[in-house]
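What you see is a predicted model; the values in this text were computed from it and never measured. These numbers come from the heavy atoms of this one structure, side chains and all, not from hydrogens, waters or symmetry mates.
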Amino acid sequence: MVKKKQLRLIAQMARKIRAYRELKSRPRESQKYALDYETLKRPHTGKMLPVLAWQDVRRETRLFSLLAGMRMFGVGRMFTRKSWLEEHPELSYWQITKVKVDYTAENMDHGKAWGILSHKGKQESEAKEVDKAIYHDWRLIPKHMEQQFKEFEPLPEPPVRYVPYPPLLRAMMLAQFKKAHGRAATEEPALPSRRDVLLNKDYFREQEKAAQRKKGTPV
């Protein structure tokens, strides 16, 4: 049995020091996403914001700019976004459950927040990290309107429409069904015109895990 080579204590200490220095030299979110409101550029990268965001930057507010001025950093309060209010009539909001503030920021207006998302009247069961918190389109829901948001019922979903397959693909599917089951198909194959897939980080992460399970892990 081959003995595992042990690193010397000095080498181990040097590796830890290098890792610690890399961690400390990494820019914080308050530095990475800092914005010069006169030039609309980020000082850390020197990049200018997209033209479509200029109006919202001047008129709207980031999430942590609202949380920084509230009691207990807004835990328990409800927030919505301007884009949600404009894009669809269904009410959507976040209810904040946890906040981790970056105390090194000048106005403590940076950090991470977690909450329960209610999207178009459908509330999720578990809390997760609030995404797009640096966008300038967050709005605080007044307390006298919170019940209105909570009692909102989603509209009934329209029935899914089906369209016939192209002739060649239809013939191939019928032949494959007959070969597999030994009899002709009784139902006409149809293709749904809508497929509800939420293309977010969780969806792609699950796709990667499924592909990894099929492929297997290297030995």
Side-chain angles (χ1 to χ4, degrees), residues 1-2 4 29 33 50 52-53 56 63 75-100 112-139 141 145-219:
M1 184 175 179
V2 180
K4 186 177 179 181
E29 288 192 0
Y33 298 116
L52 296 177
D56 286 342
L63 176 62
V75 173
R77 295 299 301 271
M78 295 164 53
F79 296 84
T80 187
R81 296 178 58 189
K82 171 197 167 188
S83 56
W84 289 345
L85 298 174
E86 293 180 348
E87 289 175 1
H88 45 76
E90 298 88 355
L91 299 178
S92 302
Y93 64 91
W94 281 93
Q95 186 165 17
I96 304 300
T97 59
K98 177 183 174 183
V99 176
K100 185 178 180 181
K112 294 183 180 181
W114 289 261
I116 298 177
L117 174 63
S118 294
H119 186 64
K120 295 184 178 181
K122 298 180 180 179
Q123 185 176 2
E124 297 188 359
S125 58
E126 297 181 357
K128 63 179 182 180
E129 185 177 351
V130 179
D131 59 343
K132 300 179 181 178
I134 63 170
Y135 282 31
H136 289 75
D137 68 340
W138 288 90
R139 295 181 178 179
I141 300 175
M145 294 182 62
E146 289 184 354
Q147 197 63 26
Q148 176 184 349
F149 275 74
K150 291 180 179 179
E151 294 178 352
F152 176 79
E153 296 184 0
L155 299 176
E157 296 184 358
V160 180
R161 297 182 178 179
Y162 293 87
V163 295
Y165 280 95
L168 180 58
L169 183 58
R170 172 183 175 274
M172 293 174 60
M173 294 179 65
L174 292 176
Q176 185 178 7
F177 183 88
K178 186 175 181 180
K179 182 179 179 181
H181 298 83
R183 57 181 176 84
T186 57
E187 295 183 359
E188 184 70 18
L191 180 69
S193 59
R194 186 186 68 186
R195 184 182 179 189
D196 296 327
V197 177
L198 188 60
L199 300 179
N200 55 11
K201 295 180 181 178
D202 297 334
Y203 171 78
F204 291 106
R205 195 177 293 115
E206 291 297 328
Q207 292 292 319
E208 291 179 359
K209 290 181 180 179
Q212 187 67 25
R213 285 194 296 267
K214 291 182 180 179
K215 184 179 179 181
T217 55
V219 180

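Using modelled atom types, one side-chain atom of Thr97 and one backbone atom of Trp114 make a donor-acceptor pair closer than 3.5 Å.
The OG atom of Ser92 sits 11.5 Å away from atom CD of Gln123, with the distance rounded to the nearest 0.5 Å. Atom OG1 in Thr80 sits 7.5 Å away from atom CG in Leu91 (nearest 0.5 Å). One finds the CD atom of Gln95 at 13.0 Å from the CD atom of Glu124 (value rounded to the nearest 0.5 Å).
Counted within 6.0 Å of CD on Glu126, heavy atoms from surrounding residues, nucleotides or ligands total 12 or fewer; the atom is thus considered open.
Heavy atoms only, all atoms of each residue included: Val130 and Gly115 are closest at CG2-N, 4.1 Å. The two residues Lys82 and Asp56 make their nearest non-hydrogen contact at NZ-OD1, 2.5 Å. Of all heavy-atom pairs spanning Ala113 and Leu63, the tightest one is CB-CD2, 4.4 Å.
Every residue meeting the side chain to side chain contact (heavy atoms under 4.5 Å, CB included) condition with Lys132, not counting sequence neighbours, appears here in chain and number order: Arg81, Tyr135.
Considering Glu90, Lys120, Gln147 in turn, Glu90 is the only one that fulfils the side chain to side chain contact (heavy atoms under 4.5 Å, CB included) rule with Phe152. Residue Trp94 forms a side chain to side chain contact (heavy atoms under 4.5 Å, CB included) with just one option from Ile116, Ile141, Leu117, and that option is Leu117.
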Check: residues 171-191 side-chain donor-acceptor pairs under 3.5 Å, at least two apart:
| residue | atom | partner | partner atom | Å |
| --- | --- | --- | --- | --- |
| His181 | ND1 | Phe177 | O | 3.1 |
| Glu188 | OE1 | Arg170 | NH2 | 3.4 |
| Glu188 | OE2 | Arg170 | NE | 2.2 |
| Glu188 | OE2 | Arg170 | NH2 | 3.3 |

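The closest side-chain heavy-atom distance from Lys112 to Lys98 is not below 4.5 Å.
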Next on the checklist: Determine whether Lys100 and Glu129 satisfy the following criterion, side chain to side chain contact (heavy atoms under 4.5 Å, CB included), listing intermediate values before the conclusion.
Outcome noted: CA-CA 11 Å; Lys100 185 178 180 181; Glu129 185 177 351; over 6 Å; no
